[in-house]
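A short worksheet on the structure shown next.
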Amino acid sequence: MRNRLAFLCLAIGFLFGPAASVGRAQEQKKKRPNIVIILGDDMGYADVGFHGCKDIPTPHIDSLAKNGVRFTSGYVSGPYCSPTRAGLLSGRYQNRFGHEFNPAGGKQGMPIDQVTIAQRFRAIGYATALVGKWHLGNEAKMHPTERGFQEYFGFLGGAHPYLPGKGKDIFRGTKAIEEKEYLTDALSREAVSFIDKHANDPFLLYLAFNAVHTPMQATDKYFNRFPNIKDTQRKTYAAMMSALDDAVGQVLAKLREKGLEEDTLIFFFSDNGGPTMVGTTINGSINFPLRGSKRQLLEGGVRVPFVMQWKGRLPAGKTYDQPIIQLDVLPTSLAAAGAEVKAEWKLDGVNLLPFLEDKNKDAPHEMLFWRFGAQRAARKGDWKMVSYDKTGIHLYNLKDDIGESKNLAAARPEILRDMQKAWSEWDRGNIAPLWGGGKKVDLK
Ligand code: CA
């Protein structure tokens with residue numbers, strides 16, 4: 001009897017042992033990557049180490065560029081908070097569905113007929129979470145947990161204090177709680193805890209920091225790192241950037257600890273340029289060498305620090321110069337997960353993977369377009385067409401003039417005409433703003 005049992009065990013081991021290991025190998029091969037989208041808020045173009053920043057070290061954010069792809073023409077589709085998020089989450093120009101301006105409470109928010117990246121990833125079995133700023137509507141039906149995020153920790157509006165107060169307006173799921181930690185630290189704590197909990201599932205983590213948006217608040221832990229910065233505003237900004245960089249470092253450390261680095265596609269970018277406005281900066285950010293500010297379609301408003309890391313798949317230290325936009329995050333992530341993108345979704349973003357892997361040498365986008373109230377802009381190759389105030393339409397060659405200082409509209413009318421025509425064709429696919437009126441845009 002014992003012999004027969006031993007023989008049986010041996011036979012089962014012989015038959016199924018190799019099969020099981022083949023199965024494991026296939027499972028490994030087919031493992032779908034996690035997606036982590038880390039968003040900064042109102043960061044200056046100049047304020048990361050990989051863009052040459054000297055007074056604020058950002059070693060963890062820089063490590064994403066070092067171990068991944070840095071985009072020199074990485075754009076967002078809106079020059080301020082909420083429109084950019086609506087474009088990111090839908091993969092469509094937010095003007096397609098009237099989300100041109102920040103919602104101002106009430107019934108305003110991302111229309112619920114727009115399908116979010118979280119809903120797309122829920123449909124293919126991913127665990128999903130938003131940690132941080134929502135800013136896409138306050139109504140119950142617009143709550144992140146109704147828009148595909150299984151887990152949510154954060155706040156609903158466009159700005160929030162960083163230092164703990166007495167109010168209960170931080171949500172865990174749909175429940176308001178009181179937070180005791182410095183907010184940037186709290187957000188990294190929650191992100192790390194989500195990764196810990198879901199280390200064995202494929203997951204989508206949208207980590208939307210409010211740093212370095214106003215109000216400008218930091219703790220001594222971060223202030224004390226900058227004894228040499230005398231300007232109080234810049235010092236506070238530096239402290240907040242440093243907290244943000246630490247938070248990114250904690251997320252990366254947790255992924256490493258769990259052995260997920262190779263299996264995780266990470267995006268990092270800012271939701272818009274620094275709010276340097278006209279002649280001043282309201283948070284201490286610097287957009288140099290770009291001109292313009294948050295709320296403008298000049299490069300300073302829409303060209304942002306933008307990196308992407310996927311250690312298991314993408315080359316390290318690559319610089320990619322063709323224009324890309326945050327609308328590409330959704331289709332790129334779905335492609336990474338092996339999921340199909342359907343034409344009927346009418347996405348404006350594209351899957352960047354073939355371009356970054358040199359399988360496709362063309363530009364991902366023939367043109368990029370923007371509309372923000374009376375402002376309009378387009379980019380084609382090195383050319384940028386922009387109308388940002390009452391001085392008419394300007395044409396710049398960004399290759400020679402990244403600071404948009406030399407208007408070539410009169411010198412190259414044929415280029416301007418073609419771009420204006422293409423912009424009008426694109427605009428036919430947009431609708432009027434659902435709120436905010438599309439009237440004058442306050443540049444101050
Ligand atoms: Ca912003």
Side-chain angles (χ1 to χ4, degrees), residues 37-48 51 61 74-90 93-95 99-105 108-110 130-138 144 154-162 183-184 187 206-217 233 236-237 240-241 243-245 247-248 267-278 280-287 290 292-307 325-327 329 370 372-373 375 377 388 436 441-444:
I37 303 163
I38 309 176
L39 201 57
D41 197 341
D42 288 12
M43 280 171 56
Y45 189 78
D47 299 328
V48 284
H51 282 178
I61 298 170
Y75 287 96
V76 285
S77 58
Y80 72 175
C81 307
S82 185
T84 284
R85 285 153 213 271
L88 168 67
L89 263 56
S90 65
Y93 283 112
Q94 63 279 0
N95 313 81
H99 201 122
E100 196 154 323
F101 299 102
N102 282 347
Q108 297 173 5
M110 188 174 174
L130 163 61
V131 175
K133 167 168 159 176
W134 176 237
H135 207 192
L136 290 170
N138 298 342
F155 61 95
L156 293 173
H160 196 278
Y162 296 83
L183 191 52
T184 303
L187 298 183
Y206 170 36
L207 176 52
F209 289 101
N210 53 321
V212 284
H213 193 292
T214 53
M216 304 311 288
Q217 296 174 343
Q233 187 193 41
T236 312
Y237 178 84
M240 291 168 72
M241 272 298 299
L244 172 62
D245 190 69
V248 171
F267 299 88
F268 178 92
F269 57 100
S270 179
D271 70 335
N272 49 255
T276 57
M277 304 309 169
V278 183
T280 184
T281 170
I282 64 168
N283 66 349
S285 58
I286 299 171
N287 288 328
L290 308 183
S293 165
K294 172 182 181 179
R295 291 200 236 170
Q296 284 184 305
L297 296 185
L298 285 164
E299 294 289 278
V302 291
R303 194 199 283 215
V304 292
F306 206 132
V307 288
I325 193 160
Q326 106 284 14
L327 310 175
V329 169
W370 292 264
F372 186 60
Q375 297 185 62
Y388 59 94
V441 175
D442 181 11
L443 298 179
K444 292 243 168 75

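FYI, side chains are in, hydrogens and waters are out, and symmetry mates aren't considered; it's all heavy atoms of this structure. Counting starts at 1 for both ligands and their atoms, in listed order. The first residue in the sequence is number 1, and the count goes up from there.
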Once you round to the nearest 0.5 Å, how far does [atom1] of [X] lie from [atom2] of [Y]?
{"X": "M240", "Y": "M43", "atom1": "CE", "atom2": "CE", "result": "12.0 Å"}
{"X": "F268", "Y": "I37", "atom1": "CZ", "atom2": "CD1", "result": "13.0 Å"}
{"X": "C81", "Y": "K133", "atom1": "SG", "atom2": "NZ", "result": "3.0 Å"}

Does R85 have any salt bridge (charged side-chain N to carboxylate O under 4.0 Å, His left out) partners at least two apart in sequence or in another chain, and if so, which?
->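 With neighbours one apart ignored, the set is D41, D271.
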For the rings on F101 and F372, is their centre-to-centre separation under 6.0 Å?
->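 Ring centroids of F101 and F372 are less than 6.0 Å from each other.
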Flag, side chain of N138 to backbone of G105, donor-acceptor distance under 3.5 Å =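 Not confirmed, N138 side chain does not pair with G105 backbone.
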For the Ca ion (ligand 1), check which protein N, O or S atoms are under 3.0 Å away and list them.
->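 Counting only protein N, O or S atoms under 3.0 Å from the Ca ion (ligand 1), the list reads D41 OD1, D42 OD1, C81 SG, D271 OD1, D271 OD2, N272 OD1.
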